[in-house]
Each structure stands twice: as structure tokens, then as C-alpha cells.
Amino acid sequence: MPKTNGARSLAAVILAAGQGKRLRSKLPKVLHPVCGRPSLWHVLRAAAAIRPERIVVVVGVGKEAVGEAVRSWGIRPEPLFVDQGRPLGTGHAALVAEDAVGGVDDVLVLAGDDPLIGPDDLRQLLRVHRRTRAAGSVIVTEVADPRGYGRVVRDGYRLTGVVEEREAAPEVRAIREISTCAYAFRRADLYGALPLVGRDNVQGEHYLPDVLPILLEKGERVSAVPIDFGGWAGVNSRATAAEAGRLLRARINARHLANGVTIVDPERTYVDPEVRIGRDTVVHPMTFLEGATRIGAGCEIGPAARIADSTIGDGAEVSFSVVRGARIGKGVTVGPFSHVRPGTVAAEGAKIGAFVEVKQARIGRGAKVPHLAYVGDAEVGAGANIGAGTVTVNYDGYRKHRTVIGEDARVGSDTMLVAPVRVGRGAVTGAGSVITRDVPAGALAVERTEQRVVKGYRRRKDAEQAGRTSEGE
């Protein structure tokens, strides 16, 4: 493979064939979400950020689902897929990727279920690996409870061994540093050692970590690169996945805090990795910002808001509400207790108030839907006001129809607008009306029967009821 400016060429191999039995799930292990994205997504994004010549994903159980998911993420370079076939361990998974890796100088091997591995961690791994001219290098980390793990013994960056717990002397057992499944190898050394890895273990599998002692026995340099993951050691259960999510959320929130965002309670604020938030925005507790959401500057978000795949303009407010797939303009207020559904656009200064549901609708500049209304498949003109209890009756049982409300129109409370229908500019509807025909601009439309007053009604009804009660006795 050609090199650029003498740089060593690199391929990344992602191990994504694990079954994840302890997760007790039909979903492939690497597709379990952490902070709103599958573990494998996080790993592939980190690997792509260091610009390898090739990315190889080794798949097995659930390979169709994994392949479909990966192709939808737009990772570059586009990953190559290798089917592990019969799963014989991580060493075997790395071995089957040999042909796909090609003739690169170095190979990065990562577990597809390690979402906390970031681009900076991989850059540090490669820096140490290349600076020390190591045959192999591994990221190591310190955990609070290392029971069940082999202990890392090292002298600075030089790894001298990974000692299994059952074989460790007391002073070695006291070590809390363990190895991760993030490796860098010289390609020739990796694929020279993998055929020597045996299966003399309880699982009868080829373990990738066994490559390191083989390299050490051959007199090769092996480097250990310490990275702090907050005591986390990998996803192997739903509990460890939740812990990974907690640690990743803390990283994400810390980044936004450093960029000028106020997060009132970071431990109770949930922000996905692709979300962007402008300066001087305040995010209150129990807020969920998901997907590709963009929040402008100077906004007030929450408490108890969920915003997914939406754009929120500068100075907008969203409280106690759900916003999905919508565009909210500058200075718009949403909530409390509103549901803004996909396809909604609210222009600058509009209001979507308390207990309002909006769907596939455009709310014009300065228009108001203050409370207790449903506006679906509609266009509300600038400056219009929608009274409480108004419903756009958009579904006839077969098809959806649109309602158009003109600029500066005033729709009276409890109006039913039976679509398709248009209310003209500056028009008014009377409260309690069922509007089935277009209303001309500036006109008043009222639909109701004449009120009847029956005098003495309550006294007569009370007397009748009393009579029935006495007869029943």
C-alpha cells in the first residue's frame, strides 16, 4: 500500500462478532446503544478520526443487522466486512481479517463494544507504539476492582507481562491496572504471532491478548499505554453498558460546559454525542437532547424536555415538552406540556403553548397557539391567534387534508376546522364553531344553533329525581 510523505500506513480492524450472551438480547452486542448511539458507532467514529487507509469490521452473529447499521452511518473510508464464520475467539477474529487488511505497516485492533475509546486515546496509542518502535502496544487502564482480570506489570511504557490473577503473587494482585482490548501492532508481527496462539483455555478459543506474551518471548518490544477511563473496563452486561453511558455523558456535558453552556445539573442531563449547543444556553435537569439536534445561543431548555433531531433557534424556550424532527425559530416558546411532532416549523417569535400538539404544520412569525389545541397538517399565518380547544380536523378516515389559516386571523376557542379548509387573512371564527367551508378574508364565520333557555328546568328535574327515589324505597 502506498505511503504518504514517509508516514507508516495503517489499517483498523474492529471486532464486532461477539454474541453478548450476558446482555440477554436479540440485538447484536455491538449495536446496543450507549448515549443514543450503538457502541460500534462510537468505535468506528474514533477509528475513522485517525484516518486509516482501511477499516475492516469482523462480523458474525447478526452480521446482516450490523452491516446494515454500519453502512447507514457514512463512515469513511467505507468499512470492509469479513465474516468470522465459526467464532473461535478474538485472536481468530483478528486472523480472518488478514487478507482484508492488506499490506499496511501497522494494524489497530479494537473491540466494537468499547464506546469510551476516543480519537485522542487512539492517537496516544499510536504515538507511543511508533515512538518506542514496539511490535505491539496495548492501552491499559486502572479499575477500582480488578478481580477476574490479569494484572499489567510494566516499567514506564515498557510492558513486562500481564499476569493472570490465579498465578499472581500478592504484590501483583494489589495492582489495579488491567489491559483493554485496544491494540496497535506492526502488521508482520501480529500475523506472525497469531498462528502460534493456542486454545488451551476454558472456552477453547484463540485469545488476542495471548499475542503479547508471544512477542515478549521472541524478545520484541511491547508497550503499555495508560489511559484513564474512569474505572470502566468494557461493555459485557447491561450494567456495564449503563456505566459506560454515565461516563460518556459526563465527557459530553463537560465539553459543553467548557464551551459556554450552562448545565444546571449535569448528572441529570442527557446529551447525545452529535448534539450542538450554542453559548449562554441554559439546560435544566431531566432534559434529553438526542440525535442530530442543534440548539442555538441564549436558549432556555427544560426542565423535563426531550428534543430529538430538531433545530432550536437562538433565544428559544422549550420546557416540559417533547420536540421531534422539528425546526423551532428564534425566540419561539414551546410548552409547558406540548408535543411538537416531525415536520413542524415554527417561525421567529411564534408560541406553542401549554398542552398543544403540532404535527406537519408551519406556525408563522409571531403566530400563537397558546393552549389546549391540536394543529396538524396546517399552515398558520404570521400573527394569527388560535383559541383554546381548537382542532384542525385533518383526517377523514382515508386521507389527511390541510388547513390554511391566514395572517392575523383569529380562531375562536373550541373551533373545529374540518379540512380541507381555508380561513382568510384577518378572518375570525366564533367560539364553538364547526367550520367546513372557506372563510373569506376579514369575515366572521359562526356555526351554532340558537341558544334555548328553559326556565325552571333544574327545580323540575330535582323534583322528578326525588319522586323516583321515594317510589323505589
Which of these passes salt bridge (charged side-chain N to carboxylate O under 4.0 Å, His left out) with Asp106: Arg133, Arg127, Arg130?
Arg130
Just checking, is any N or O donor in the side chain of Asp377 or His401 under 3.5 Å from an acceptor N or O on the other one?
no
Would a 4.5 Å heavy-atom cut-off, applied to side chains only, mark Glu274 and Asp272 as touching?
no
Is it the case that the side chains of Ser9 and Asp105 hold a donor-acceptor pair, with the cut-off being a distance below 3.5 Å and no angle test?
yes
Main-chain N/O of Pro336 paired to Ser321 side chain as donor or acceptor, under 3.5 Å:
no
Is Tyr183 close to Val107 at the side-chain level, that is, under 4.5 Å between some pair of heavy atoms?
no
Which residue in the set Glu165, Glu142, Glu164, Glu177 passes salt bridge (charged side-chain N to carboxylate O under 4.0 Å, His left out) when paired with Arg151?
Glu165
Working to the nearest 0.5 Å, report the span between CD of Glu300 and CD1 of Ile295.
12.0 Å
Should Leu110 and Leu15 count as side-chain neighbours, where that means a heavy-atom distance under 4.5 Å?
no
Other residues, nucleotides, ligands: >12 heavy atoms within 6.0 Å of Lys330 NZ:
no
Compare all side-chain heavy atoms of Phe185 with those of Val138 and state whether any distance is below 4.5 angstrom.
no
Could you label the plane-to-plane angle of the Phe337 and Phe320 rings as parallel, tilted or perpendicular, counting under 30° as parallel and over 60° as perpendicular?
tilted
Within 45 degrees of the ring normal and closer than 6.0 Å to the centroid, is that where the cationic atom of Arg71 sits relative to Phe81?
yes
Between CG on residue Asp114 and CG on residue Asp121, distance to nearest 0.5 Å:
10.5 Å
For atom CZ of Arg294, decide whether the heavy atoms of other residues, nucleotides or ligands shown that lie under 6.0 angstrom number more than 12.
yes
Donor on one side chain, acceptor on other, Thr160 and Arg158, under 3.5 Å
no
So how far is it from Thr311 OG1 to Arg276 CZ, rounded to the nearest 0.5 Å?
10.5 Å
Ile75 side, atom CD1; Leu40 side, atom CG - distance, nearest 0.5 Å
8.5 Å
